[in-house]
Number of protein chains: 2
Amino acid sequence: MRQSSSRVLYDPAASGPAYRQLARSIGEAIARGDLAAGTALPTERGLAEDLGLSRVTVRAAYRALAEDGLIEARAGSGNYVRGATPAFEQPLWHLSSFSEDMARRGRNATSRLLDLAHGEATDEELAALTLKGGDRVVRLSRLRLVDGEPLGIEVASLPEALTQAVQLGEGSLYAALSAQDLSPARGIQRMRAVSLDEDVAGLLAVPPGSAAMLLERVSFLSDDTPIEYTKSHYRGDAYGFVAKLDGGDLT
Amino acid sequence: MRQSSSRVLYDPAASGPAYRQLARSIGEAIARGDLAAGTALPTERGLAEDLGLSRVTVRAAYRALAEDGLIEARAGSGNYVRGATPAFEQPLWHLSSFSEDMARRGRNATSRLLDLAHGEATDEELAALTLKGGDRVVRLSRLRLVDGEPLGIEVASLPEALTQAVQLGEGSLYAALSAQDLSPARGIQRMRAVSLDEDVAGLLAVPPGSAAMLLERVSFLSDDTPIEYTKSHYRGDAYGFVAKLDGGDLT
DNA sequence: CAGTGGTCTAGACCACGCT
DNA sequence: GCGTGGTCTAGACCACTGT
């Protein structure tokens, strides 16, 4: 039996594109449990007519939900709520780093300030922090060590305009941000394996070309303003991640 | 200066949806280096007219490429080739199988069976699967390819005692397990960067010593019996991960 | 078979970047 | 102000699912 579309709230007076509002509304209904796993969503044509939207717009909303793994499209059949999902209220995965583990195990984790400089944002930083050409950033380069051994290098870039009052330096970056009410609320992190160039390899005391984990992280304030872009290289032999995978999504 | 669209090959006689063919053609051009990082792609309207397609179709192709991280859209400016990003990124918050993941991206994911053998468990397997010395395992080695290009190697080890009835071979491992009521319910996955030795590098068609992502995963049945230990090597330039971080993880 | 999602067309208006 | 991507409309045909 197909879910009655009347259960799907949609307030056209809210701000933003229609497909995003619709996707958010359905996503919230799934998170609340109003739409149980396996439930068939309204058909694209039906919902479009009910809401006075075009089918393309409804499709855009369904597609956004499918990209987040909340629903699943089955050709010739319908769109269905996926099982065991919502990543927001109760993340099904937990990501922990070796450095966190080390801290927990009482290892002596330190960091050394390599550089602190202001400059015009690179293209990479412009894209990550959604700045405009010519905007300036503060760049904070730090070497991460555990028990005196260098494990990784982090370069954090912050929009200069937002960080005038922040005391950057030896201390914790997040503590300094927090003191100015600039605590990150969310983030997205990319990870991949790369070979180290000569410069970074030298700082990490490993041969050039050694495998390393490249991490790129963008952190956002609660209003979705990007506040920090950090690019880190960690020695492959000294740093890794553990992800717990819960739920029946192992297909 | 904008790239002339004549450089973008597109063969309407080929099979599959037009947007996918177009995306693949552009993706290959980027992989070959014909389209350097930072290059502006043809405008959506321009390319649509040149190819006799609608703008929506070109947008679908560009969107697919953006989802794979190959290009980046800048509103009011254009679509640009991204620099040095892995061709594929697997979200950690929505774990899916390799082939499922690629299918969602419209790629032709295949796998080639390299080896299927029974043998005594190694120390590594004993620890991961909590077996006793002398216990035997089934080892399934597969090469993972996307659009014919080798991206990774997976070696799955399963306790022989639990998998007597399972038909292992060319098909999906999880489907075969599921048929015998041995579906994994949970898993734990470790990730780190390594350099490839000669043998694996050869199979992946990259130079020895290239950076790769090493994945080790143990899957458990709902009663916490370990059912599968998989050790995978994925090319660092072709596969990465994305993680969403919520408040508490940002320290 | 009827209904569904998958794809595609040929337009349109908007907010934003660039010059 | 012009061109760009971002969004949206109102149709259309196809392959597939389910009965």
Side-chain angles (χ1 to χ4, degrees), chain A residues 1-3 5 10 12 14-24 26 38-67 70-82 121 123 126-127 129-135, chain B residues 1-3 5 10 12-24 26 38-67 70-82 103-108:
Chain A
M1 201 50 43
R2 191 165 294 281
Q3 189 68 230
S5 61
Y10 167 63
S15 69
Y19 81 93
R20 279 195 192 287
Q21 296 171 42
L22 180 56
R24 208 189 58 176
I26 297 174
T39 307
L41 292 167
T43 69
E44 298 171 355
R45 288 173 181 82
L47 188 55
E49 190 173 8
D50 285 1
L51 298 178
L53 298 170
S54 81
R55 188 182 159 212
V56 175
T57 305
V58 173
R59 269 184 74 75
Y62 279 8
R63 173 168 195 161
L65 291 164
E67 268 170 26
L70 290 176
I71 72 172
E72 174 192 1
R74 295 180 207 154
S77 174
N79 286 279
Y80 298 85
V81 178
R82 285 188 66 126
D123 288 347
L126 290 179
L129 297 170
T130 59
L131 299 175
K132 289 163 191 160
D135 281 355
Chain B
M1 199 52 41
R2 190 166 295 281
Q3 189 69 232
S5 63
Y10 166 62
S15 69
Y19 81 93
R20 204 170 293 178
Q21 295 170 41
L22 180 56
R24 182 171 161 173
I26 297 173
T39 306
L41 291 167
T43 68
E44 297 171 356
R45 288 172 180 84
L47 187 55
E49 190 173 7
D50 285 1
L51 299 178
L53 297 171
S54 82
R55 188 181 159 212
V56 175
T57 305
V58 173
R59 269 185 73 77
Y62 279 7
R63 170 167 196 160
L65 291 164
E67 271 170 23
L70 289 178
I71 72 172
E72 174 195 0
R74 295 181 207 153
S77 173
N79 287 279
Y80 299 86
V81 178
R82 285 186 56 146
R104 212 166 45 82
R105 295 172 152 85
R107 298 311 168 101
N108 183 23

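Since the structure is predicted, the reported quantities are computational estimates derived from the model, not experimental observations. Naming convention: chains lettered A, B, ... in sequence-line order (proteins, then strands); numbering from 1 in each chain.
Spacing between atom OH of Tyr62(B) and atom C1' of dG6(D) amounts to 15 Å, rounded to whole angstrom units. Glu49(A) places its CD atom 14 Å from the C1' atom of dT9(D), with the value rounded to the nearest Å. Taking atom CG of residue Leu53(A) and atom P of nucleotide dA10(D), one finds them 10 Å apart after rounding to whole Å. Summarising the geometry, the separation between CD on Glu72(B) and P on dG5(D) is reported as 13 Å, rounded to the nearest angstrom. What separates CZ of Arg45(B) from P of dC14(C) is a distance of 14 Å, to the nearest Å. If you measure from atom CG of Leu47(B) to atom P of dT4(D), you get 12 Å, rounded to the nearest angstrom. Atom pair Leu51(B):CG and dA10(C):C1' shows a separation of 16 Å (rounding to whole Å applied). Rounding to whole angstrom units, CZ of residue Arg74(B) and P of dG3(D) are separated by 21 Å.
Between dC8(D), dA10(C), dG5(C), one nucleotide has an atom nearer to the side chain of Glu44(A) than all others, and that is dG5(C). Nearest nucleotide to the side chain of Ala73(B), out of dC8(D), dG5(D), dG5(C): dG5(D). For Thr57(A), counting side-chain heavy atoms from C-beta on, the closest listed nucleotide (dG18(D), dT4(C), dC8(D)) is dC8(D). The side chain of Val56(A) lies closest to dA10(D), out of dG5(C), dA10(D), dG18(D).
Residue Ser77(B) places none of its side-chain N or O atoms closer than 4.0 Å to OP1 or OP2 of dT4(D). In this structure, Tyr19(B) reaches the dT7(C) phosphate: one of its side-chain N or O atoms is under 4.0 Å from OP1 or OP2. For Asn79(A) and dT4(C), the shortest distance from a side-chain N or O to OP1 or OP2 is not below 4.0 Å. In terms of phosphate contacts, Arg20(B) brings a side-chain nitrogen or oxygen within less than 4.0 Å of OP1 or OP2 of dT7(C).
Interatomic distance, CG of Leu65(B) versus CD1 of Ile71(B), reported as 5.0 Å (0.5 Å rounding). Taking CG of Asn79(B) as the reference point, atom OG1 of Thr39(B) lies at 12.5 Å (rounded to 0.5 Å). Once rounded to the nearest 0.5 Å, the distance linking OG1 of Thr57(A) with CG of Leu51(A) reads 10.0 Å.
Looking at which nucleotide of DNA chain D each of Gly76(A) and Gly52(A) is closest to, the 5′-most match is held by Gly52(A). Each of Arg59(A) and Arg55(B) has a nearest nucleotide on DNA chain C; the 5'-most of these lies closest to Arg59(A).
With contacts defined as side-chain heavy-atom distances shorter than 4.5 Å, the pair Val56(A)/Tyr19(A) does not qualify.
Between Glu67(A) and Arg63(A) there is a salt bridge, since at least one side-chain N of the basic residue sits less than 4.0 Å from a carboxylate O of the acidic one.
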